[in-house]
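Residues: numbered from 1 along the sequence shown.
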Amino acid sequence: DSEDPEFTSVIEDFSITCEEASPYDTCPEYFEANIALPTFSDNCTLNEDLEVSISYDLSEAYGEELVCPVIQICTRTITVTDQCGNTSSQITVLSLIDETAPEFINFAADSDIECNDELDLVALTESMFELAGSDVSDDCYGDIEVTIEYDYIETGECQHVADFLAIVTASDYCGNETTETLTIHIH
């Protein structure tokens with residue numbers, strides 16, 4: 001027997017999101033729970049007598065060789081060996097992708113205040129975020145960058161003097177971002 005075993009089905013490469021991967025601690029755990037083994041046969045050795053080995057290779061998360069939205073790659077290699085030592089391998093690549101923006105949690109509510117020249121509006125917005133328990137989360141692991149831009153818009157109205165805006169943007173590693181605005185109406 002000099003013929004290699006033959007795969008009779010192919011498991012194609014695929015991508016999943018961080019949300020889909022989150023219930024699983026490891027790449028092998030995801031594969032074992034969700035992706036069937038390909039089928040195979042041999043010209044001389046019965047299937048139950050074929051030796052099947054499975055190995056996994058996991059890239060470094062956010063590695064330099066990866067390009068967003070792919071943030072990690074897991075490769076499963078299945079090798080089938082017949083009784084004469086002939087082998088065939090099939091490789092399936094799982095790409096973990098991040099295309100989802102971070103989300104704000106308990107974003108502070110807009111507010112109305114009385115006009116006061118001594119009021120520090122930046123400090124006020126920071127305390128409003130703290131009191132509301134404002135935070136940000138992302139379904140992929142990694143750092144989230146939060147930036148705040150402030151804007152003061154005079155309305156020219158007697159009863160509604162101005163609006164102070166805190167424009168908050170949260171961005172993840174792949175540049176997915178979300179923006180919310182806290183408005184303080186000054187009377």
Side-chain angles (χ1 to χ4, degrees), residues 12-35 56-75 92-187:
E12 299 291 335
D13 297 347
F14 64 100
S15 299
I16 62 171
T17 65
C18 295
E19 184 178 3
E20 292 168 313
S22 67
Y24 305 95
D25 292 329
T26 65
C27 170
E29 188 179 304
Y30 182 87
F31 263 105
E32 290 165 9
N34 297 286
I35 310 301
Y56 295 91
D57 183 37
L58 187 63
S59 73
E60 181 180 331
Y62 303 101
E64 290 179 16
E65 73 281 355
L66 301 175
V67 177
C68 284
V70 176
I71 60 171
Q72 193 162 33
I73 293 176
C74 177
T75 304
T92 303
V93 177
L94 178 158
S95 298
L96 183 63
I97 59 171
D98 182 3
E99 296 179 315
T100 305
E103 293 182 2
F104 289 106
I105 302 166
N106 300 324
F107 195 82
D110 292 350
S111 182
D112 293 285
I113 63 168
E114 294 299 319
C115 185
N116 180 341
D117 289 339
E118 295 178 19
L119 187 61
D120 181 347
L121 293 170
V122 172
L124 175 63
T125 59
E126 289 173 358
S127 66
M128 290 172 68
F129 286 126
E130 187 176 319
L131 287 171
S134 297
D135 201 357
V136 64
S137 71
D138 193 45
D139 63 357
C140 291
Y141 50 91
D143 294 332
I144 302 170
E145 180 181 340
V146 177
T147 58
I148 303 176
E149 295 179 22
Y150 298 99
D151 196 7
Y152 186 85
I153 302 170
E154 293 185 15
T155 64
E157 299 174 17
C158 183
Q159 296 299 317
H160 177 198
V161 178
D163 286 329
F164 183 75
L165 308 175
I167 304 157
V168 185
T169 302
S171 303
D172 65 18
Y173 177 83
C174 284
N176 303 307
E177 65 180 35
T178 188
T179 300
E180 293 278 343
T181 302
L182 169 64
T183 303
I184 300 174
H185 304 286
I186 303 169
H187 302 280

Go through the steps for M128 and L182 under the test side-chain contact (heavy atoms from CB on, under 4.5 Å), then give the verdict.
CA-CA 9 Å; M128 290 172 68; L182 169 64; 3.9 Å; yes

Should the heavy atoms of other residues, nucleotides or ligands under 6.0 Å from CD of E65 be counted, would the total exceed 12?
yes

Measure across S171 and P102 and return the closest heavy-atom pair with its distance rounded to 0.1 Å.
C-CG, 4.1 Å

In short, E126 meets Y150 closest at the heavy-atom pair OE2-OH, 4.1 Å

Looking at E177 and A101, would you say the former's side chain and the latter's main chain have a donor-acceptor pair under 3.5 Å?
no

To the nearest 0.5 angstrom, please state how far the CD atom of E180 sits from the OG1 atom of T169.
10.0 Å

Between Y30 and C74, does a side-chain contact (heavy atoms from CB on, under 4.5 Å) hold up when you go through it step by step?
CA-CA 10 Å; Y30 182 87; C74 177; over 6 Å; no

Distance col, row I153:CD1 vs I186:CD1, nearest 0.5 angstrom, shows 10.5 Å

Mark yes or no for whether S95, through its side chain, and V70, through its backbone, hold a donor-acceptor pair below 3.5 Å.
no

Heavy-atom closest pair (C140 atom, Y62 atom, distance to 0.1 Å) is CB-OH, 4.0 Å

Please check if atom CD in E103 has more than 12 non-hydrogen atoms from other residues, nucleotides or ligands closer than 6.0 Å.
no

Report the C-alpha distance between I148 and V122 in whole Å, list the side-chain angles of each, state the deciding distance to 0.1 Å, and finish with yes or no for side-chain contact (heavy atoms from CB on, under 4.5 Å).
CA-CA 10 Å; I148 303 176; V122 172; over 6 Å; no

Looking only at heavy atoms, what is the nearest atom pair of A108 and S134, with distance?
N-OG, 3.3 Å

For L58 and Q72 the tightest heavy-atom approach is CG-NE2, 3.5 Å

Residue pair T183 / D110: nearest heavy atoms and the distance that separates them:
N-OD1, 2.9 Å

Separation between CG (L121) and CD1 (I113), nearest 0.5 Å, reads 5.5 Å

side-chain hydrogen bond (donor to acceptor under 3.5 Å, both in side chains) partners of N176, counting only residues at least two apart:
D98, D172

Judged by atom type as modelled, is there a donor-acceptor pair below 3.5 Å linking the side chain of D57 to the main-chain atoms of T75?
no

How long is the span from the OH atom in Y173 to the CD1 atom in I71, to the nearest 0.5 Å?
9.5 Å

Could you give the distance from OG1 (T125) to CD1 (I184), rounded to the nearest 0.5 Å?
5.5 Å

If you apply the rule side-chain contact (heavy atoms from CB on, under 4.5 Å), what do you find for V168 with V146, and how did you get there?
CA-CA 7 Å; V168 185; V146 177; 3.8 Å; yes

Using modelled atom types and a 3.5 Å cut-off, is there a donor and acceptor pairing between side-chain atoms of S15 and backbone atoms of L96?
no

Look at the aromatic rings of Y152 and F164 and report parallel, tilted or perpendicular, splitting at 30° and 60°.
tilted

Are more than 12 heavy atoms from other residues, nucleotides or ligands located less than 6.0 Å from atom CD of E20?
yes

Any residue meeting side-chain hydrogen bond (donor to acceptor under 3.5 Å, both in side chains) with D112, in chain and number order, not counting sequence neighbours:
H187

Within this structure, what is the CD-SG distance for the pair E99 and C18, rounded to the nearest 0.5 Å?
10.0 Å

What residues, two or more places apart in sequence or in another chain, satisfy side-chain contact (heavy atoms from CB on, under 4.5 Å) together with E32?
P28, Y56

